[in-house]
Amino acid sequence: MKVTLYNTLSRQKEEFIPYDKNEVKMYTCGPTVYWYQHIGNMFAYVWADIFQRTLKFADYNVKHVMGLTDVGHLVSDDDSGEDKMEKGSRREGISVWDLAKKYADQFFKDTASLNIQRPPTVCPATHYIQEQIDAVKKLEENGFTYQTSDGIYFDSSKDPTYGELAKLDIEGLCAGERVEMAEKRCKTDFALWKFSPKDEKRQMEWDSPWGVGFPGWHIECSSFCLSTLGEYVDIHTGGIDHIPVHHTNEIAQNKGITGHRVVKYWIHNNFIVKADGTKISKSEGDKMLVENFVEKGYNPLAYRYLILSAHYRKQMKFSEDLLKMAQTALERLNEKVLELKKETQEISETTHAVAWLNKIKVVLFDDFNTAQAITVFRDSLNSDLTDSEKLYIVQEVDRVFALDLGKEIQILIPENIKELAEKRLHARQNKDWAESDRLRDEIETLGYSIKDISEGYEITEKK
RNA sequence: GGCCGGUUGGCAGAGUGGCUAUGCAGAGGACUGCAAAUCCUUGUACAUCGGUUCAACUCCGGUACCGGCCUCCA
């Protein structure tokens with residue numbers, strides 16, 4: 001079944017045709033591990049995960065690579081300002097190496113809780129210094145660089161197609177009005193290798209043919225991508241904010257190194273915004289972590305469900321109320337699947353079931369329309385399919401949704417609660433409604449809910 | 001200022017040139033000792049003004065408002 005996706009390069013939906021039909025190569029820009037990754041940051045990784053899962057669902061073998069920026073790059077894109085990692089290191093009083101480890105660990109913990117599959121290859125920049133030096137050397141050989149007193153720069157004027165991804169107005173940008181250019185020839189030029197300051201010993205610095213220093217930010221992704229996936233990469237994902245600078249520069253570097261286009265499809269996710277329409281800022285990021293919501297009693301997968309219920313190219317609103325709504329919807333959906341499992345253990349892949357599954361695939365493969373896919377999935381659960389056919393659909397769609405549908409959550413009910421519940425059952429059998437209601441209140445006060453069913457009762461943790 | 005994108009029922013959010021989105025919340029009913037859960041029923045949304053059309057929320061153009069990027073950023 002064919003997959004179509006929206007390519008930022010052409011600004012339209014295109015049929016997905018990989019370079020090599022047997023293996024899809026996909027690259028995702030990873031986090032900079034100098035600070036927490038809040039739920040807004042996680043949005044991009046949930047989507048990257050859905051993209052790769054969807055492609056696997058469409059029977060492609062997917063080779064997914066993600067970068068990890070653990071080398072300090074500078075606070076500003078125009079290569080000035082402080083170094084983020086060094087700054088973070090001072091803030092926390094630990095080495096940059098420990099800082100990187102701390103936030104990388106946190107990142108992978110959070111992605112795991114959201115059922116994001118860890119890409120088989122993750123490239124920390126500090127492990128790929130030689131590759132980055134080689135990439136800069138290649139650019140130098142091909143005549144795309146120049147040297148200033150503080151580093152080696154990419155000469156964007158050498159690339160006639162520079163800025164095509166973002167449809168940048170180069171004339172306007174290159175004029176260099178109020179922008180601090182230092183020794184750069186054009187505003188769109190950027191550092192490939194920065195020299196360490198003469199009077200300062202950096203915690204992270206390496207030898208290079210041009211002198212001791214460290215690699216620029218943009219060269220990371222190009223060199224990871226080229227060294228792990230080769231010169232022909234099918235898909236590159238990232239946030240829309242990367243279009244004008246980071247990805248624009250990646251494209252220019254790739255072209256300068258290989259002499260041809262490397263990435264075929266660029267996929268960009270939008271942002272989540274708060275209910276008032278504004279972005280989550282970096283400074284409040286530590287209050288908007290996945291684990292903050294887990295502490296408040298939310299299932300991280302409720303956030304995943306919320307994300308799936310909207311389109312990746314549109315802004316998604318986020319608030320605690322919306323998360324609560326998503327959690328309720330997910331719980332009920334899950335209940336429904338658990339009911340099915342009570343009825344049967346079997347999973348039958350019949351033509352009827354496959355036909356329904358194909359309906360889901362059609363919308364999912366049309367630019368990753370997960371919201372529509374969930375709706376069709378719900379329709380299938382309400383259809384005339386048998387329970388075991390429905391379970392087949394559940395099993396299949398959850399390969400992409402990854403919402404742990406039908407996973408029983410075992411909770412331990414304390415003995416005293418069980419005793420109260422038994423007492424209440426007796427009271428009910430004796431039609432002592434006053435005592436029964438009193439016991440129910442007592443159980444509620446202790447943090448549990450009780451509901452009567454035909455065979456007796458059910459206890460759950462109170463929400 | 002430049003470049004993008006958006007405006008759908010109480011909330012969130014898909015989608016479509018003519019036909020129910022869906023979810024959450026709400027209302028009514030069934031069931032229940034009462035609840036809970038579940039089931040059934042229910043709500044004539046598509047910013048605005050023009051145009052194209054037999055027919056537009058859906059296509060085209062103008063207007064208003066909102067947001068993003070241009071500065072670290074998913």
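Worth knowing before you read on, the calculation uses all heavy atoms, side chains too, and leaves out hydrogens, waters and symmetry mates. In what follows, chains carry the letters A, B, and so on, assigned in the order in which the sequence lines appear, proteins first and then strands, with residues in each chain numbered from 1. This is a predicted model, so every value here is computed, not measured.
- Atoms CD1 (Ile272(A)) and C1' (G68(B)) sit 14 Å apart, rounded to a whole Å.
- Residue contacts shown for Asp241(A) are limited to sugar-phosphate atoms, with no base heavy atom under 4.0 Å away.
- With hydrogens and angles left out, the side chain of Asp437(A) and the base of G33(B) share a donor-acceptor pair within 3.5 Å.
- With RNA chain B read from its 5' end, the first of the two nearest nucleotides for Glu335(A) and Tyr312(A) is the one closest to Tyr312(A).
- For the C1' atoms, the distance linking C57(B) with U16(B) amounts to 9 Å, nearest Å.
- Residue Glu458(A) contributes atom CD, which lies 16 Å from atom C1' of U32(B) at whole-angstrom precision.
- Residue Phe377(A) contributes atom CZ, which lies 19 Å from atom P of A14(B) at whole-angstrom precision.
- Taking the C1' atom of each, C73(B) and C60(B) are spaced 37 Å apart, rounded to whole Å.
- Heavy-atom distances under 4.0 Å link RNA chain B to Lys314(A), Gln315(A), Met316(A), Lys317(A), Leu322(A) of residues 314-322 of chain A, given in residue order.
- The gap from the P atom of G26(B) to that of A37(B) amounts to 10 Å, rounded to the nearest Å.
- Closest-nucleotide positions on RNA chain B for Asn382(A) and Ala310(A) were compared, and the one nearer the 5' end corresponds to Ala310(A).
- No contact: His268(A) has no heavy atom under 4.0 Å from any strand.
- Atom name C1', nucleotides A56(B) and G15(B): the rounded distance is 14 Å, in whole Å.
- Here the side chain of Thr375(A) is nearest to one of A21(B), C39(B), G23(B), namely A21(B).
- Checked for salt-bridge contact, Glu442(A) and Arg438(A) meet the test: a charged N lies under 4.0 Å from a carboxylate O.
- In this model, no donor atom of one side chain and acceptor atom of the other lie less than 3.5 Å apart for Asp367(A) and Thr4(A).
- Annotation: cation-pi geometry satisfied between Arg118(A) and Phe108(A) (NZ/CZ under 6.0 angstrom from ring centroid, within 45° of ring axis).
- Residue Asn270(A) places none of its side-chain N or O atoms closer than 4.0 Å to OP1 or OP2 of A74(B).
- Here C4(B) presents its C1' atom at 8 Å from CD1 of Ile240(A), a figure rounded to the nearest Å.
- A ring-ring contact (aromatic ring centres under 6.0 Å, His included) with His246(A) holds for exactly one of Trp217(A), Phe190(A), Trp266(A); it is Trp217(A).
- At a threshold of 4.0 Å, the pair Glu339(A)-Lys336(A) does not count as salt-bridged, since none of the basic side-chain nitrogens sits closer than that to a carboxylate oxygen.
- The separation of A30(B) from U53(B), taken at their C1' atoms, amounts to 48 Å, rounded to a whole angstrom.
- For the P atom pair drawn from G62(B) and C39(B), the interatomic distance equals 48 Å after rounding to whole Å.
- The pair Lys101(A)-Asp105(A) counts as a salt bridge, with a side-chain nitrogen and a carboxylate oxygen less than 4.0 angstrom apart.
- Against RNA chain B, the stretch residues 416-435 of chain A makes heavy-atom approaches under 4.0 Å through Arg424(A), Arg428(A), Trp433(A).
- Side-chain to base pairing of Arg332(A) with C24(B): no donor and acceptor N or O lie closer than 3.5 Å to each other.
- Geometric assessment of Arg202(A) against the ring of Phe214(A) yields a positive cation-pi assignment under the 6.0 Å and 45° thresholds.
- The residues Asp379(A) and Lys359(A) are annotated as not salt-bridged, no charged nitrogen and carboxylate oxygen being separated by less than 4.0 angstrom.
- Ring geometry, Phe318(A) versus Phe293(A): the interplanar angle exceeds 60°, so the pair is classed perpendicular (tilted spans 30 to 60°).
- Taking atom CH2 of Trp35(A) as the reference point, atom C1' of A74(B) lies 17 Å away to the nearest angstrom.
- Closest of all the heavy-atom pairs between Ile393(A) and Ala353(A) is CD1-O, 3.5 Å.
- In summary, the side chains of Glu250(A) and Tyr27(A) do not present any donor paired with an acceptor at a separation below 3.5 Å, with no hydrogens or angles considered.
- Nearest to the side-chain atoms of Thr328(A) among the listed nucleotides G33(B), C4(B), A25(B) stands A25(B).
- Checked by atom type and distance alone, the side chain of Asp452(A) never pairs as donor or acceptor with a backbone atom of Tyr457(A) at under 3.5 Å.
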For RNA chain B, the dot-bracket pattern of Watson-Crick and G-U pairs whose distances stay under 3.5 Å, | for other-strand partners: (((((((..(((.....[...))).(((((.......)))))....(((((..]....))))))))))))....
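- Put simply, CD on Glu331(A) is 13 Å from C1' on A37(B), counting in whole angstrom units.
- Among the protein residues, Ile243(A) comes within range of no part of the nucleic acid, since none of its heavy atoms lies under 4.0 Å from any strand.
- For Tyr45(A), the side-chain atoms get nearest to A74(B) when compared with the rest of G15(B), C39(B), A74(B).
- For the C1' atoms, the distance linking C46(B) with U58(B) amounts to 9 Å, nearest Å.
- Using a cut-off of 4.0 Å between Lys/Arg side-chain N and Asp/Glu carboxylate O, Glu335(A) and Arg332(A) are scored as not salt-bridged.
- Rounded to the nearest Å, the gap between the C1' atom of U20(B) and that of U42(B) is 13 Å.
- Side chain to side chain, Gln395(A) and Asp398(A) fail the donor-acceptor criterion of an N or O pair below 3.5 Å.
- Distance Tyr305(A) OH to G13(B) C1': 11 Å, rounded to the nearest Å.
- Side-chain to base pairing of Ser436(A) with G33(B): one donor and one acceptor N or O lie within less than 3.5 Å of each other.
- Remark: P of G33(B) and CG of Asp452(A) are 9 Å apart, rounded to the nearest angstrom.
- Candidate nucleotides G15(B), C69(B), A35(B) were compared by shortest atom distance to the side chain of Arg440(A), and A35(B) ranks first.
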